[in-house]
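Report on the following structure.
Note that the structure is a prediction, hence the values are computed from the model and not measured.
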Amino acid sequence: MFEKCEAIVMRTIDYGETNKIVTLFTREWGKVAVMARGAKKPSSRLSAVTQPLAYGHYLIRRSRGVGVLHQGELIDSMRALRADLFAAAYAAYIVELTDKSTEEQKRNPYLFELLRQTLQYMSEGRDLEIMALIYEMKMLPVLGIPPVLDRCARCGATEGSVSFSVKEAGFLCHRCEEADPHRMPLSPASARLLRLFFHIDLARLGAISVKETTKAELKAVLSAYYDEYAGLSLKAKRFLQQMSVLKDTLAPDSGQDA
């Protein structure tokens, strides 16, 4: 029996001369793999709906293994993301992060909506680095590794200057900072943004402008935290880091703190 779902194409693998195996992230069932017969043919009705990042409604027959894709109807091709090298790199990163962090056929409508909204904001021209940082923060509870951001991870204090400790998995107040000689200093703006990114309802996200130095602090904290606790090896992350170096050589420091 064929069933309808709302889904985003996470990745595709060529299968034979004309077919694709497509991994969909669905609102209804989580991540599922389906066979799209003939989808490699430019004239196929499945060609456009099986492009990476495509978002639409799909009619599939599920199974314990690889299901079958019967038809699809695009809601948004996300062409703007695929047409820009930097946007494509950031989109590929958050999709791979989602892929590596989720199990097959495990429903998570919250995560589906988070991914859909993030890709939509990226395609609309929102700051790619900020969107990726917000997504990384919101993935931490999904991975089961949320940091302590509302108080000192050691003494529970809620006032005073803070630094970030990977070892203690959260903020350290100035009275406890000696507990971790490898703690990472944080500006007040960075500390505020880490909390904001963790808690904000993405649907209510307004304009956020952040200094490059603050972005660098946030990226350093999250990169170190993911390296320590997430246990993920992401090809798109390494490519994104190379792209960020290229971007830094092309653009001067700009922006204002939120």
Side-chain angles (χ1 to χ4, degrees), residues 8 10 52-53 78-101 111 113-143 145-147 149 164 166 184-230 232-258:
I8 295 165
M10 303 184 85
L53 305 179
M78 300 288 178
R79 183 177 297 177
L81 292 178
R82 297 199 304 272
D84 180 270
L85 185 59
F86 287 105
Y90 276 96
Y93 168 59
I94 67 165
V95 168
E96 187 182 8
L97 175 57
T98 308
D99 190 7
K100 293 292 182 68
S101 304
L111 185 54
E113 186 58 26
L114 179 65
L115 178 61
R116 186 204 66 78
Q117 184 69 77
T118 302
L119 291 174
Q120 183 64 45
Y121 279 152
M122 286 181 167
S123 71
E124 292 172 357
R126 297 287 188 106
D127 188 306
L128 297 169
E129 292 175 294
I130 293 301
M131 295 312 305
L133 288 166
I134 293 173
Y135 200 84
E136 287 179 325
M137 287 300 297
K138 292 191 170 298
M139 282 298 294
L140 294 176
V142 176
L143 291 163
I145 52 172
L149 301 174
F164 190 89
V166 174
M184 308 175 76
L186 286 178
S187 65
S190 293
R192 184 174 69 250
L193 287 171
L194 284 174
R195 293 190 189 99
L196 175 66
F197 292 173
F198 189 79
H199 293 292
I200 192 170
D201 179 354
L202 202 59
R204 300 189 178 193
L205 181 67
I208 298 179
S209 182
V210 181
K211 284 183 179 179
E212 294 301 320
T213 52
T214 304
K215 287 182 185 178
E217 279 190 5
L218 297 173
K219 286 191 285 188
V221 165
L222 280 167
S223 181
Y225 196 78
Y226 266 84
D227 286 347
E228 180 68 22
Y229 295 112
L232 300 174
S233 178
L234 305 177
K235 293 179 181 178
K237 178 70 169 180
R238 293 191 291 273
F239 180 69
L240 192 56
Q241 289 169 339
Q242 295 170 350
M243 293 294 296
S244 294
V245 171
L246 175 60
K247 183 180 179 182
D248 290 342
T249 65
L250 298 176
D253 181 57
S254 61
Q256 299 295 322
D257 271 324

Could you walk me through whether Phe197 and Ile130 pass side-chain contact (heavy atoms from CB on, under 4.5 Å), step by step?
CA-CA 9 Å; Phe197 292 173; Ile130 293 301; 4.0 Å; yes

For Pro146, enumerate each residue passing the side chain to side chain contact (heavy atoms under 4.5 Å, CB included) test, keeping only those at least two apart in sequence or located in another chain.
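Side chain to side chain contact (heavy atoms under 4.5 Å, CB included) list for Pro146, sorted by chain: Pro141, Phe198.
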
For [X] against [Y], the heavy-atom pair lying closest together:
| X | Y | result |
| --- | --- | --- |
| Ser101 | Leu97 | OG-O, 2.6 Å |
| Ala91 | Leu53 | CB-CD1, 3.8 Å |
| Leu202 | Met131 | CD1-CE, 4.0 Å |
| Leu222 | Glu136 | CD1-OE1, 3.6 Å |
| Met137 | Leu149 | CE-CD1, 3.6 Å |
| Leu111 | Val142 | CD2-CG1, 4.2 Å |

Neighbour count >12 (heavy atoms, 6.0 Å) for atom CZ, Arg79:
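Open: at most 12 neighbouring heavy atoms sit under 6.0 Å from CZ of Arg79.
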
Can you find a pair of side-chain heavy atoms, one from [X] and one from [Y], that are under 4.5 Å apart?
| X | Y | result |
| --- | --- | --- |
| Met122 | Ile94 | yes |
| Leu115 | Tyr135 | yes |
| Ile208 | Asp127 | no |
| Leu205 | Ile134 | yes |

CA sep, side-chain torsions, deciding dist, call: Leu133, Leu193, side-chain contact (heavy atoms from CB on, under 4.5 Å):
CA-CA 10 Å; Leu133 288 166; Leu193 287 171; over 6 Å; no

Side chain [X], main chain [Y], donor-acceptor under 3.5 Å:
| X | Y | value |
| --- | --- | --- |
| Glu129 | Lys215 | no |
| Lys138 | Ile200 | yes |
| Ser123 | Gln120 | yes |
| Arg82 | Pro52 | yes |

Enter the distance from Leu234:CG to Leu232:CG here, rounded to the nearest 0.5 Å.
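Answer rounded to 0.5 Å: 5.0 Å.
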
Lys219 side, atom NZ; Glu212 side, atom CD - distance, nearest 0.5 Å:
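Atom-to-atom, Lys219:NZ and Glu212:CD are 7.0 Å apart.
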
Checking side-chain polar atoms at under 3.5 Å, does Arg126 have a donor or acceptor matched by the opposite partner on Thr118?
no

Would you check, one step at a time, whether the test side-chain contact (heavy atoms from CB on, under 4.5 Å) holds for Thr98 with Ile8?
CA-CA 11 Å; Thr98 308; Ile8 295 165; over 6 Å; no

Hey, could you give me each pair passing ring-ring contact (aromatic ring centres under 6.0 Å, His included) that has a residue in residues 207-230? Not counting sequence neighbours.
Phe164-Tyr225, Tyr225-Tyr229

Would you call Glu96 and Lys237 a salt bridge, using N to O less than 4.0 angstrom?
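Here Glu96 does not pair with Lys237 in a salt bridge, since their nearest N and O are not under 4.0 Å apart.
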
Evaluate the criterion side-chain contact (heavy atoms from CB on, under 4.5 Å) for residue pair Lys100 and Ser233; output intermediate values, then yes/no.
CA-CA 9 Å; Lys100 293 292 182 68; Ser233 178; 5.7 Å; no

